Undergrad: 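Dumping the structure here so I can ask a few things about it.
Everything numeric in this text was worked out from a predicted model, so none of it was measured. First the proteins, then the strands, lettered A, B, ... as listed; each starts at 1.
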Amino acid sequence: MAASRSRSVWIALGVVAGAGVLWLIETGRFGWLPRCVFHEVTGLHCPGCGTTRALHALLHGQVGAALGLNLLTVLLLPLLGWWAFGRREILWKPWLGWTLLGVVVAFGVMRNVPQYPFTLLAP
Amino acid sequence: MYRIIGGDGKEYGPISAEQLRQWLAEGRVNAQTSVQAEGSTEWQPLSAYPELASIASATPPPVPAATVVAPAEKIPNYLVQSILVTLCCCLPLGIPAIVFAAQVNTKLAANDIVGALESSRKAKMWCWLAFGIGLPLQLIIAAVQIIAAVKQAGGAF
């Protein structure tokens, strides 16, 4: 239990530090922010594209903008919280793993479809 | 997790090994009860499952063998880590990591501890692969972009 608690503390510190950096940096103004390698090479949007900008928007209270930049990241945030502080048993449910796999792959495919409803998913 | 066919002919479950042991102790199921491990399609008598049968044959019921349930929480499935590397390192390498992470859960549910450990090892490997290849690539691209930005700024002055 002590190990579990110290892990929670480390995760919390990491989240606060990460959030601090993200909040301070005006994403987009500095071109050198970590760019998605996959996007640079292929021109396609991977399931994680827009995560930095989405978190930045979220930290500035722009929930709508965050959802538009990366719906998946925003929706998965509660899972991260659950992992850090909650009852972790749910992470060992067989359906959860396969569902997440399906959602990530489907999201990655759909956001690259250049048709109206799908373009909403692109960052 | 297991499914069982009760004395009334109806199917019950999925239930955990813990719960099944409890029912065994209460006499709701016995060594002849049809049991199906989750992930399997085969119905077998409870006595065919070594992890459950040892309790069924022994009277009085011994202290539950902790080995059946305990490892579930101890075998890391790297599910969160694999999702994180997929989203943050932006590499298709994260996808196999998620597949193996999901496998850990399915195998654990079927009480396949050895298989779960193997999947856990693979999930860990793919996580590190995605991280180890993704991070240096991101740093290289960042360096290239900084150099380009500095050059541009230098030219402007």
Undergrad: Under 4.5 Å between side-chain heavy atoms, counting indirect links through other Ile/Leu/Val/Met/Phe/Trp/Tyr residues: same cluster for Trp43(B) and Ile15(B) or not?
TA: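 Different clusters: Trp43(B) never reaches Ile15(B) through Ile, Leu, Val, Met, Phe, Trp or Tyr contacts under 4.5 Å.
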
Undergrad: Do Leu87(B) and Leu76(A) have side chains that approach each other closer than 4.5 Å (heavy atoms only, starting at C-beta)?
TA: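 Contact flag for Leu87(B)/Leu76(A) side chains = yes.
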
Undergrad: List the atom of Ala102(B), the atom of Gly97(A), and the distance in Å for their closest heavy-atom pair.
TA: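 Shortest heavy-atom contact: CB-C, 3.6 Å.
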
Undergrad: Under 4.5 Å side-chain heavy-atom separation, chaining through any Ile, Leu, Val, Met, Phe, Trp or Tyr, what else clusters with Tyr78(B)? Say none if it is isolated.
TA: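 Hydrophobic cluster check, Tyr78(B): no partners found.
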
Undergrad: Could you tell me which non-hydrogen atom of Ile75(B) sits nearest to which non-hydrogen atom of Trp92(A), and how far apart they are?
TA: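 That would be O-NE1, 2.9 Å.
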
Undergrad: Side chain from CB out, backbone as N, CA, C, O: work out which of these in Val80(B) comes under 4.5 Å of a heavy atom of chain A, or both, or neither.
TA: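 Just its side chain gets close to chain A.
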
Undergrad: Spell out, yes or no, whether Leu135(B) and Val144(B) are grouped together once hydrophobic residues are joined by side-chain heavy atoms under 4.5 Å, including indirect joins.
TA: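 No: no chain of side-chain contacts under 4.5 Å links Leu135(B) to Val144(B).
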
Undergrad: Any link between Leu44(A) and Leu120(A) through a network of hydrophobic side chains (Ile, Leu, Val, Met, Phe, Trp, Tyr) touching at under 4.5 Å?
TA: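 No, Leu44(A) and Leu120(A) fall in different hydrophobic clusters.
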
Undergrad: Count the heavy atoms belonging to other residues, nucleotides or ligands that lie under 6.0 Å from CZ of Phe131(B), then report whether that count exceeds 12.
TA: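 No, CZ of Phe131(B) has 12 or fewer neighbouring heavy atoms, counting only those of other groups under 6.0 Å.
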
Undergrad: How long is the straight-line distance from CD1 of Ile83(B) back to CG of Leu72(A), given to the nearest 0.5 Å?
TA: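 Those atoms lie 7.5 Å apart.
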
Undergrad: Measure across Trp98(A) and Val99(B) and return the closest heavy-atom pair with its distance rounded to 0.1 Å.
TA: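 Closest approach of Trp98(A) to Val99(B): CH2-O, 3.8 Å.
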
Undergrad: From Thr106(B) OG1 over to Trp95(A) CH2, what is the distance, rounded to the nearest 0.5 angstrom?
TA: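 Taking OG1 in Thr106(B) and CH2 in Trp95(A), the distance rounds to 12.5 Å.
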
Undergrad: Using heavy-atom distances under 4.5 Å, tell me whether Ile95(B) contacts chain A through its side chain, its backbone, both, or neither.
TA: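 Contact with chain A: backbone and side chain both.
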
Undergrad: Count I, L, V, M, F, W, Y as connected when their side-chain heavy atoms are under 4.5 Å apart, and connections chain through other members. Are Ile90(A) and Leu100(A) then in the same cluster?
TA: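 Linked within one cluster.
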
Undergrad: Chain A heavy atoms under 4.5 Å from Glu38(B): which part of the residue, side chain, backbone, both or neither?
TA: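 For Glu38(B), the side chain is the part near chain A, not the backbone.
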
Undergrad: Does atom NZ of Lys107(B) have more than 12 heavy-atom neighbours from other groups under 6.0 Å away?
TA: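 Enclosed: over 12 neighbouring heavy atoms sit under 6.0 Å from NZ of Lys107(B).
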
Undergrad: Would you give the length of the straight line joining atom CG of Leu84(B) to atom OG1 of Thr73(A), rounded to the nearest 0.5 angstrom?
TA: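 Nearest 0.5 Å value for the CG-OG1 distance: 9.5 Å.
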
